[in-house]
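The structure appears below as C-alpha cells.
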Amino acid sequence: MCGITGFLDNKHASQEELRAIVRRMAATLVHRGPDDEGVWADASSGIALGHRRLKVLDLSEHAQQPMLSACGQLCLVYNGEIYNHVALRRELEQLGHRFRGHGDTEVLLAALSQWGVQETLPRLVGMFAFAVWDRKNRVLTLARDRVGIKPLYYGWQEGCLLFGSELKSLRAHPRFRGEIEHRAVGLFLRHNYIPSPWSIYRGIYKLPPGTMLRVAPGSGLSEAKPQSWWNLRDVIEHGSQRPLQGTPEEAMDELDRLLREAVASEMEADVPLGSFLSGGIDSSTVVAMMQTQSSRPVKTFTVAFEESDYNEAGWAKQVANHLGTQHTELRVTARETLEQIPSLCTIYDEPFADSSQIPTLSLAKVTRQHVTVSLSGDGGDELFCGYDRYFYLRKLWRRVAWCPAGLRRTAARFVRHLAAMKPSCTTARRLRTLAAFLSPGTAGAFYVHFNTHWREPAEILLRTEPVETPAADLLTELDCRDALETMMGWDTQVYLADDLLVKLDRASMAVGLEARVPLLDHRIVEFAWRLPLSLKVRKGQTKWILRRVLERYIPRQWIERPKMGFAIPLGAWLRGPLRDWAEDLLDERRLRREAIFRPEPVRQKWREHLSGRINWQYLLWDVLVLQSWLAAQRG
C-alpha cells in the first residue's frame with residue numbers, strides 16, 4: 001500500500017523546482033508509505049509525480065516508484081494491490097514482456113503499455129488508484145477501482161492540476177488556496193461525510209469509483225471530465241434482468257467458491273498478515289475462509305471496550321477459539337479512546353463524522369503492532385441486505401407510496417404552508433415532518449432524506465448553496481425489484497465508498513497498515529446483485545445466504561445473534577468526559593466569530609442533549625467535527 005501525489009502545470013519551472021515541490025507533497029504521505037520515497041519530473045511538460053511506499057509485495061528495489069515502462073513511454077505512480085497480477089504476468093510474458101521483480105506494479109505498468117488504460121482497467125482484480133503519464137502523447141490519466149476502496153483527489157488551483165491520495169498532499173503545493181466549498185458543508189451535515197465528487201475545498205474533487213480522468217497540459221475542469229469504466233447501476237440492472245437461476249444450495253456453493261477465491265488472492269503478501277475479527281457475520285466469514293486455506297493459525301485482532309453494550313470481544317473470542325486462530329484482544333479504556341480525538345482532523349483531512357472512526361483507529365493501531373496487512377469484512381451489509389434500517393424505512397415508505405406522487409407533492413406544499421403559519425411550535429415541527437414524508441417521489445429519494453443526520457442543513461447554516469444529492473441518477477433511473485434493493489444500491493455507491501471505506505483507509509494508513517476487503521472483490525459484488533432478494537432476506541432474517549455459507553465453518557448459535565455495529569457511547573461521553581471540549585467548540589461567541597453556523601439552533605440542540613431529554617449525539621458530533629476541523633485549519 002502506498003501514497004501517490006503529483007501535479008501538471010503549464011507554467012514553466014525547472015526540473016529541480018518540480019522535484020522539490022512534489023517531494024514536499026509526497027512527504028505529507030509518509031504514514032501511507034513509511035518504507036521508501038520516489039519522485040519523477042519532466043520540466044518540458046510541467047509534470048511531476050511523487051510516491052511513498054509501504055513494502056508489502058516484492059520488497060526489492062524492482063518495485064520502486066515512480067516507475068518507467070520498458071519502452072520509456074509511460075511513467076506510473078500507483079496505490080493498491082492487483083490480486084490477479086500473476087495471471088496477467090503470464091499473459092504478458094507470452095506477448096514478449098519481461099519482468100525484473102515479482103510485484104504487481106511492474107505487471108500493471110506492462111499491461112498499460114500493452115493494452116492502454118481503457119482496455120487494462122476491466123482486466124484488473126483488486127483495489128487501486130493510479131496516475132500514469134504518457135510521455136509521447138502528453139496525457140495524464142488518473143483512475144480508481146470499481147467500488148472506491150482506494151482514494152484519489154484531484155482539482156485545479158490557479159490553472160495547475162493537483163492530485164493525491166489524501167488532501168494533505170494537495171495542500172503542500174504552493175498554489176493550493178484552500179477555500180471552503182460551502183455546498184460540501186451542507187452535504188456533510190446531511191450525511192456525516194462528504195460524498196463524491198465533492199471535497200471540502202472549492203475546486204478539489206474526489207475521483208468517483210469506477211472512473212478515469214484524462215488530462216492534457218492546459219486542460220481545465222470544463223475539458224476534463226471523469227469517464228466511467230465500471231458502473232454500479234449497470235451491474236444492478238443486469239442482475240435484475242438476469243437473476244441467478246438454480247437452487248439455493250447451488251447459489252450457496254457458488255458464493256462459497258467466490259469467497260474462498262477472493263480471500264485466497266488477498267492473502268498474498270511478503271510481510272506478516274492477519275485479519276480484523278469482530279465476531280459478526282462479515283468478519284467471521286473472512287476469517288473462516290482464511291483459516292480454511294492456511295497451514296498455520298491466522299492472526300486475528302479485536303478491540304474490547306469497557307462499556308458492555310458496545311463490546312463484541314466475547315463473540316470474537318468464541319469464533320477465534322473455534323477456528324483456531326492466533327487471537328489478540330486489546331482492551332481500550334474510555335480515556336485511551338478519547339485521547340485520539342485531537343488527531344482525527346489530521347488523519348481525515350476534511351470533516352468526517354462517522355464516530356466509529358475512533359474505535360477503528362484503535363483497532364488499526366493494535367493490529368499494526370503485529371502485522372503489516374489486515375483483511376476486513378466491510379461490504380457484507382450493503383451487498384446482502386444487512387441493515388435493520390432498510391426494513392424500517394421500507395415500511396414507512398409503503399405507508400405513503402400508494403398515493404400518486406403528484407398528489408402527495410401537492411399535499412406536501414399545503415402542509416408546509418400550514419407549518420409556516422406556526423414556525424416555532426411543536427405542531428409546526430410535526431407538520432414539516434409530515435411534508436417530508438409526502439414529498440419524495442421514489443423509494444430511493446425517501447431513503448436518502450430520512451437516512452440522514454441534519455435533514456435541512458439550511459436551518460443551522462449562515463450560508464447555504466444548494467447542491468444535488470450525489471448519485472441522484474441511481475435513485476431516479478434505477479429499476480429495482482424492491483425498495484430494499486434501491487436502498488442497498490445507494491449505500492453501495494455512496495455510503496460504502498465515501499464513509500465506510502474512507503474510515504477504513506485513513507485509520508489503517510495512519511499507522512502504516514494495509515487493509516484489504518475481500519467481500520468487495522468485484523466478482524462477489526456482481527454475483528450478489530444477481531441473487532434474488534429471497535436469498536438475502538428470508539423469514540425476516542437478513543443476509544440469509546451469507547449466514548448459510550458461514551454455517552459450514554462455525555456453529556449456528558454464534559451467527560444468530562443481534563447486530564451490534566462498531567460504535568461508542570458518544571451521547572454519554574458528550575455529557576461527561578467530552579463536555580468541556582464540546583462546550584468550547586460550541587461557545588456562542590466562537591460560533592458567531594467563525595460564521596459557519598447559526599448559534600441559536602446549535603445551542604438549543606446542545607442544551608437539550610445535556611438535559612438528557614433528547615439524544616442529539618450524531619447531529620452534535622457533525623457540528624463538533626466541523627468546528628474542530630476549522631480550528632485545525634486556522635492553526
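Along the sequence shown, residues carry numbers from 1.
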Query - Test log, rule side chain to side chain donor-acceptor pair (under 3.5 Å), inputs E608 and Q604 - result: CA-CA 6 Å; E608 291 173 352; Q604 177 66 24; 2.8 Å; yes
Any side-chain donor-acceptor pair under 3.5 Å between [X] and [Y]?
{"X": "W629", "Y": "E350", "answer": "no"}
{"X": "K317", "Y": "T302", "answer": "no"}
{"X": "R177", "Y": "Y201", "answer": "no"}
{"X": "D491", "Y": "Y390", "answer": "yes"}

Exercise: identify the closest heavy-atom pair between [X] and [Y]:
{"X": "S362", "Y": "V303", "answer": "C-CG2, 4.0 Å"}
{"X": "L393", "Y": "M487", "answer": "C-CE, 4.0 Å"}
{"X": "T542", "Y": "R547", "answer": "O-NE, 2.5 Å"}
{"X": "A507", "Y": "A364", "answer": "O-CB, 3.6 Å"}
{"X": "G377", "Y": "V286", "answer": "CA-CG2, 4.1 Å"}
{"X": "R455", "Y": "H449", "answer": "CG-O, 3.5 Å"}

Query raised in the report: Is the shortest side-chain N to carboxylate O distance from D482 to R394 below 4.0 Å?
Result: yes
Is there side-chain contact between [X] and [Y], with at least one heavy-atom pair below 4.5 Å?
{"X": "R592", "Y": "E588", "answer": "yes"}
{"X": "L344", "Y": "I358", "answer": "yes"}
{"X": "L277", "Y": "S284", "answer": "yes"}
{"X": "D378", "Y": "L519", "answer": "no"}
{"X": "D498", "Y": "I194", "answer": "no"}

Report task. Kindly say whether the aromatic ring centers of F437 and F450 come within a distance under 6.0 Å. Result ->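 Ring centroids of F437 and F450 are less than 6.0 Å from each other.
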Indicate yes or no for a side-chain donor-acceptor contact from [X] to the backbone of [Y] under 3.5 Å, with no hydrogens or angles considered.
{"X": "S169", "Y": "T5", "value": "no"}
{"X": "Q627", "Y": "L585", "value": "yes"}
{"X": "T410", "Y": "G406", "value": "yes"}

Query - Distance (rounded to the nearest 0.5 Å) between Y193 OH and K503 NZ - result: 12.0 Å
Query - Verdict with supporting geometry, E166 and Y348, side chain to side chain donor-acceptor pair (under 3.5 Å) - result: CA-CA 8 Å; E166 297 181 17; Y348 286 88; over 6 Å; no
Query raised in the report: So is K605 actually on top of W616's ring, under 6.0 Å and inside 45° of the axis?
Result: yes
